[in-house]
Amino acid sequence: MQRLKQNGFTLLELLVVISIIALLVGLLLPALGASRQAGRKAVCASHLHQLGVAGSLYLDTHKEQFWRYYTSLPGGRQWWFGYEPGGPGSGTNRPLDKSRSVMADYLATDTDAFNCPAFPYDDAGYYRKFNRHGASFGYNLSLGPASLAIPPRRRIDLRQSESEVFLFADGIHFDHNPVFNEGHYIIYNANPMMKSGYAHFRHGGTADVLMLDGHAASQKLQGVGFANGYEVGGGPAGNLVASDGSNRIYGFNP
């Protein structure tokens with residue numbers, strides 16, 4: 001009696017196929033991760049550019065005077081990235097209307113341009129200050145101080161070229177528990193142990209920085225980072241520096 005021909009795989013053949021698939025997956029995952037990171041960086045750079053255009057339009061409209069980090073208004077507080085009715089509040093999930101931000105009239109959208117998709121919103125240490133994402137880009141606080149004792153700066157008063165002073169950059173803020181919140185502003189900190197707003201080097205160890213003349217750059221952390229190089233969301237935080245290693249990139253005395 002003739003035996004029927006078997007068309008199935010043997011155990012050895014299945015093991016070989018599984019091993020090949022596992023090897024291919026292992027080879028592809030790093031490439032996919034790198035592509036995802038590059039995609040996030042591209043979106044981040046695009047949003048940063050939109051903010052730069054909006055900032056230039058604002059300056060043209062307001063006689064070259066920069067906007068404050070926030071302004072207290074009847075009934076609430078207008079942050080540069082949104083309006084907080086009844087603000088400033090305390091705690092988490094505070095209401096935020098981004099359509100009433102300083103930049104709103106100069107942007108095509110009131111939602112995405114303030115945010116970088118690489119910011120670690122999913123990290124367990126993220127402190128959710130507002131009921132929606134506010135801004136993960138930091139505004140150069142030396143240009144538009146929150147203190148009423150210091151008037152907003154004027155573009156004409158800059159001490160150096162606009163190509164040497166930053167307007168916005170990837171930011172992160174350390175002042176809440178558990179760990180961090182969005183970096184709405186960036187200020188120079190001579191003591192890197194101080195809880196404050198820093199640049200966040202989250203793109204493979206670099207931070208996207210937008211200069212006043214409109215050009216963008218990627219900067220690596222130089223010197224000691226916040227809390228001796230503490231990392232969150234894939235990168236450390238710290239001060240930005242000028243090409244000569246100084247704090248001239250902030251434009252005025254921080």
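Residue numbers run from 1 in the order of the sequence given.
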Rounded to the nearest 0.5 Å, how far does [atom2] of [Y] lie from [atom1] of [X]?
X    : Y    : atom1 : atom2 : answer
W80  : W67  : CH2   : CH2   : 8.5 Å
R154 : E64  : CZ    : CD    : 10.0 Å
H133 : N115 : NE2   : CG    : 6.5 Å
F201 : Q219 : CZ    : CD    : 5.5 Å
S56  : L167 : OG    : CG    : 7.5 Å
L221 : T206 : CG    : OG1   : 11.0 Å

Exercise. Please find out if less than 6.0 Å separates the ring center of F130 from that of F81.
Key: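 F130 vs F81: aromatic centres under 6.0 Å.
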
Quiz prompt | Centroid separation Y250 to F166 less than 6.0 Å | solution =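 Close enough - the centres of the two rings lie under 6.0 Å apart.
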
Quiz item: Can you list the steps and then say if N140 with I186 is a side chain to side chain contact (heavy atoms under 4.5 Å, CB included)?
Solution: CA-CA 5 Å; N140 181 354; I186 297 174; over 6 Å; no

Could you tell me whether the side chain of [X] and the main chain of [Y] form a donor-acceptor pair under 3.5 Å?
X    : Y    : answer
R153 : L158 : no
D208 : D170 : no
S136 : C116 : yes
R202 : G171 : yes
R100 : Y83  : no
T61  : L57  : yes
Q50  : A113 : no
Q160 : R248 : yes
N189 : I187 : yes
R68  : S147 : yes

Practice problem: Under the side chain to side chain contact (heavy atoms under 4.5 Å, CB included) rule, collect the residues that match up with P145, sequence neighbours excluded. | Solution: I150

Practice problem: Take L59 and F66 through the side chain to side chain contact (heavy atoms under 4.5 Å, CB included) test and state the conclusion after the steps. | Solution: CA-CA 6 Å; L59 291 171; F66 291 96; 3.7 Å; yes

Exercise. Name the orientation class of the two ring planes belonging to Y230 and F226 (parallel below 30°, tilted from 30 to 60°, perpendicular beyond 60°).
Key: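 Answer is perpendicular, since the angle exceeds 60°.
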
Closest heavy-atom pair and its distance - [X], [Y]:
X    : Y    : result
L73  : Q78  : CD1-CB, 3.8 Å
H173 : Y185 : NE2-OH, 3.3 Å
G225 : P192 : O-CB, 3.7 Å
S101 : G82  : CB-N, 3.2 Å
A146 : L141 : N-CD1, 4.3 Å
H200 : V232 : NE2-O, 2.8 Å

Do [X] and [Y] make a side-chain contact, defined as non-hydrogen atoms from C-beta onward lying under 4.5 Å apart?
X    : Y    : answer
N228 : M193 : yes
L96  : N131 : yes
H203 : S218 : no
F180 : Y126 : yes

Quiz item: Among F168, F137, F114, which one satisfies side-chain contact (heavy atoms from CB on, under 4.5 Å) with H47?
Solution: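 The passing option is F137.
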
Quiz item: Would V53 and Y106 count as a side chain to side chain contact (heavy atoms under 4.5 Å, CB included) if you check the C-alpha gap in whole Å, the side-chain angles of each, and the deciding distance to 0.1 Å?
Solution: CA-CA 8 Å; V53 172; Y106 309 97; over 6 Å; no

Quiz item: Would H184 and Y69 satisfy ring pair (Phe, Tyr, Trp, His ring centres under 6.0 Å), going step by step from the backbone distance to the final call?
Solution: CA-CA 9 Å; H184 304 144; Y69 173 56; 7.0 Å; no

Self-check item: Intermediate values then yes/no, side chain to side chain contact (heavy atoms under 4.5 Å, CB included), E182 and K129
Solution: CA-CA 8 Å; E182 293 175 313; K129 182 179 287 188; 5.9 Å; no

Exercise. Check whether V241 and L210 end up in the same hydrophobic cluster, where Ile, Leu, Val, Met, Phe, Trp and Tyr are linked by side-chain heavy atoms less than 4.5 Å apart.
Key: no

